[in-house]
Amino acid sequence: MTLRILSHSLQRRIAARLWVIWLVGCAAVWGGLCDSSLHAAEKLSVLLIDGQNNHDWKATTPVLVNALESTGKFTVTVATTPPAKSPDAAWSDFRPDFSTYDVVMSNYNGELWPEAVQKSLENYVGDGGGLVIVHAANNAFPQWSAWNEMIGLGWRGADFGPRVTVDDKGEVVETAKGEGPGAGHGPQHEYPIIVRDRKHPVMDGIPAEWMHAKDELYHGQRGPAANMHILATAYSSTDQGGTGTNEPMVWWIPFGKGKVFTTVMGHADYSMKCIGFQTILGRGTEWASTGKVTLPVPKNFPTAEGASSVE
Ligand code: ZN
């Protein structure tokens, strides 16, 4: 009997504790729901465009999406264009509504978009939207003049327009159209990135020099090169098939009320797994959209001595 009484008492205490645990659990779940819905509301919506590229966009788009979404700051929607040589009817369905997104990113290098899409993007950025250009996205659309204004420099021949580099004193040097090398790159290798504007919100807190993972090092890019704010460069060594000067790697350009942020890093999935690339991609995307940067510089950011990549 005594045992049974004790047992009942124990049961009541256990029941009471379970009740408390259940209440606490509910509060945690409810709080979590509120918290995550709050964060969802704060997230920036990114429209990432792919579908044609002389690069493996099917491998690189997921790396870009993961790099952005793993910060907790972005939700990414991918808009894939029709493949090359599609009939006009296929293109008539490609009408991304840029205005419903906080920022647009291009991982696209292919056929010219329909004129309606071109105008829509021009209006979107002109009205204050953000646009982010990754690597070969700057190879696209030499015939689209507003695009050339937005990207500043693209993969073009020397006769297309001027080129800009940075000398050892940090001064921007313009090379005239037709003079010097056109667009190219040597063999892929790891190379140091030099931050040229450490006060810019995207670069604030990033080491002045850090080692980038294996990538192409674009040189001789050409374009209107107007209103370029160069944020980072890399030395293009002649030993690596380069030009012997500091080539722009990261820059931004105002277009109307909007901002266009370019990184020419990011040839392949392994290049994009560089923590330096991903940090600048995330911060640049946030800044192009909002004009502010809240994303931190991670502790495992590359150093001058060594590259650092995500798994
Ligand atoms: Zn490439």
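Every heavy atom of this structure was used, including side-chain atoms; hydrogens, water molecules and symmetry mates were not. Ligands are counted one by one from 1 in listed order, and the atoms in each one are counted from 1 as well.
- Taking the Zn ion (ligand 1) as reference, H267 places its N/O/S atom ND1 nearest.
- Between K73 and E286 there is a salt bridge, since a side-chain N of the basic residue sits under 4.0 Å from a carboxylate O of the acidic one.
- Side-chain rings of F261 and W251 stay apart, their centers remaining 6.0 Å or farther from each other.
- Salt bridge present: E122 and K119 bring a charged side-chain N and a carboxylate O closer than 4.0 Å.
- Salt-bridge annotation for E247 and R163: present, with a side-chain N of the basic residue lying under 4.0 Å from a carboxylate O of the acidic one.
- The Zn ion (ligand 1) sits nearest to atom OE1 when only the N, O or S atoms of E216 are considered.
- The Zn ion (ligand 1) sits nearest to atom NE2 when only the N, O or S atoms of H55 are considered.
- The nearest N/O/S atom of H135 to the Zn ion (ligand 1) is NE2.
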